[in-house]
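These notes are about the structure you will find just below.
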There are 2 protein chains.
Amino acid sequence: MKTRIGILGYGNLGRGVEHAVKETSDMELAAVFTRRDPASLKINTEGTAVVSADELGQWKDKIDVLIICGGSATDLPVQTPACVRDFNVIDSFDTHANIPVHFAAVDEAAKEGKHIGIISVGWDPGLFSLARAYGNAVLPNGSDYTFWGKGLSQGHSDAVRRIPGVADARQYTVPVESALEAVRNGENPELTTRMKHTREVFAVLEEGADPEVIRREIVEMPNYFSDYDTTVNFISEEELLENYNQAGHAGFVFRSGSTGRDHENKHVIEFSLKLDSNAEFTSSVLVAYARAAKRLYDKGETGARTVFDIAPALLSELSGEEMRRRML
Amino acid sequence: MKTRIGILGYGNLGRGVEHAVKETSDMELAAVFTRRDPASLKINTEGTAVVSADELGQWKDKIDVLIICGGSATDLPVQTPACVRDFNVIDSFDTHANIPVHFAAVDEAAKEGKHIGIISVGWDPGLFSLARAYGNAVLPNGSDYTFWGKGLSQGHSDAVRRIPGVADARQYTVPVESALEAVRNGENPELTTRMKHTREVFAVLEEGADPEVIRREIVEMPNYFSDYDTTVNFISEEELLENYNQAGHAGFVFRSGSTGRDHENKHVIEFSLKLDSNAEFTSSVLVAYARAAKRLYDKGETGARTVFDIAPALLSELSGEEMRRRML
């Protein structure tokens, strides 16, 4: 029997999960749950139920793993602990600083409800976290480097859009090529925030807004821009929608370390991603971990987990024997 | 109490394990076992026993994990199944085609002896296998690419040295840059063996040997060279030892795949290594997996395992809480 997947929240991430489930032969989409009017939702899988999120409770026995596709700011801190009482769940909670609190809440609810909740799944946190964990385990004497981009940052785009006089905006995070190269060459550079990434803003002004005032507001914005070299480009709404609407992203994780009696031998481990669709790639990771959640639940395990707790074999459709033969 | 590590075989790999254990704070080197005269061996850890391999049986209760540092051709197929009856063991068995047979032999002996044996640990097989496993799980619709080098190939160097008239030789495997770039750009190229790697040979001739005859013998050697573009350079023994004795290696694993309704979005996952010392890096991976072997044994597990079966958290000195806080 196929693993029955439920999707809670049908935005970019939910649609990505729907596509990713179709790439597997051991899972099927059982239902999409939405807070909107279910009748208003047109999904890409014929014959699959679209249900109000209020009716989730009636699906307890019809869903093996619920993939929660909400946002980290307000949705997931509430939804994941609530849902894990009744379902095995996966989420992509990505507010790094709040992960310990979120983990504790999900763990408690999951144990009470006797389910598995795998949190913070995706690429960062997620695959990038794995690269850091393996790198640190193998090279305990070394340094970590993470670069993001080139790619659209939702949080920074929102911050620019909140400035009065800005009609619309996109913000791209760009890794500094020379810093990347220094790390790649094993030079172990000390890099300040400014040395690692630049920021590029493409903004549309409201009529009458003063570009110089707005430019200064952007580049001096604390936390978001003041620690970076930021380029601001004012363009038309047409140009923004035409040229700056890509959904791609990218990033690099390095572990640079040394071994030997006097640490004389250097080693660089690099893990990188180049993604056309941030949401679809994240969804694909979520679906792979749904497979693991089902398997852990079937073994009688309960509680919260992260990517660190999941053996890679649990993610694969292949048997252990096939994996050893084809991939080892 | 620290995990007590034993090393069986004190070559480059064994010495690397000795250094790597010193980088940890939860392991200690308990003994080095050798088939040579123990009195002839000078190791780098003061006060640690150097013992004849014949006396291994007397150390059953004094070693938590035995790291077997023999060769895959003749040592490991015998040593690993024999040792896993009495010890938790780690090996770096790397003859890909024979892994299923080796796994079965180790699994049977490990279950009889109630120990854990983690086989084929290192970087390929090992970390590269992990990159393939994660990549395939996340992007089921895609292609795998592995490139090795630039680095010294022991097997190919040996093959050249066996040719009558060759006094000494080194063989470097070199990835073809244009092929690497095509894969990195998501072009999903179909690559023949010849298109992926070139081979560079540096050979020292015996007196009177005919360079043209030897060159032809090398480049036409089936399995080893005939499917590659090979460059042969004849040099002096002094130059060979001076310039071609590096112990480094490198390599790249790619998963290139696509997602979306019509597979319209491309993604490239890249994992790469650049190593000054192949042996010391491999040893560092072995030591990280020794930590996992001890933990699985302490939980009462028995049998053979590979990197696919080991959750990343088992490799880290950090607690789950610390890992989530620092690395997720």
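Just so it is clear: chains get the letters A, B, ... in the order the sequence lines come, proteins before strands, and each one is counted from 1. Values below: all heavy atoms of this structure, side chains included; hydrogens, waters and symmetry mates excluded. These numbers come from a predicted model, not from an experiment.
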Of the backbone (N, CA, C, O) and the side chain (C-beta and beyond), which part of [X] lies under 4.5 Å from a heavy atom of chain B, both, or neither?
X	answer
Arg15(A)	neither
His19(A)	side chain
Ile310(A)	backbone
Phe128(A)	neither
Phe281(A)	both
Thr306(A)	side chain
Leu275(A)	both
Asp309(A)	both
Val307(A)	both
Leu139(A)	side chain
Ala20(A)	neither
Phe103(A)	side chain
Asp124(A)	side chain

Can you tell me which of [options] forms the most heavy-atom pairs within a distance under 4.5 Å of chain A?
options	answer
Asn44(B), Asn141(B), Leu314(B)	Asn44(B)
Asn136(B), Val285(B), Leu127(B), Val268(B)	Val268(B)
Ile99(B), Val287(B), Ile269(B), Asp94(B)	Ile269(B)

Only pairs of heavy atoms separated by less than 4.5 Å count here; which of [options] has the most with chain B?
options	result
Glu270(A), Glu23(A), Arg132(A)	Glu270(A)
Thr146(A), Thr259(A), Leu315(A)	Thr259(A)
Glu18(A), Lys22(A), His263(A)	His263(A)
Ala288(A), Gly186(A), Ser284(A)	Ser284(A)

> Stepwise, does the side chain to side chain contact (heavy atoms under 4.5 Å, CB included) test hold for Asn185(A) with Lys274(B)?
Replying inline: CA-CA 9 Å; Asn185(A) 291 334; Lys274(B) 207 156 39 187; 4.2 Å; yes
> What pair of heavy atoms forms the shortest contact from Asp276(B) to His267(A), and how long is it?
Replying inline: N-ND1, 3.5 Å
> Looking only at heavy atoms, which two atoms of Pro312(A) and Tyr134(B) are closest? And how far apart?
Replying inline: CG-OH, 3.5 Å
Roughly how far, to the nearest 0.5 Å, is the [atom2] atom of [Y] from the [atom1] atom of [X]?
X	Y	atom1	atom2	result
Ser272(A)	Arg184(B)	OG	CZ	7.5 Å
Leu130(B)	Phe271(A)	CG	CZ	11.0 Å
Arg255(A)	Leu273(B)	CZ	CG	14.0 Å

> Is chain A contacted by the side chain of Tyr289(B), its backbone, both, or neither, given a heavy-atom distance below 4.5 Å?
Replying inline: side chain
>> Test your reading of the model: is there a side-chain donor-acceptor pair from Glu280(B) to the backbone of Gly260(A), 3.5 Å cut-off?
In response: yes
>> Counting only non-hydrogen atoms closer than 4.5 Å, can you tell me which residues of residues 319-328 of chain B sit against chain A?
In response: Met323(B), Arg324(B), Met327(B), Leu328(B)
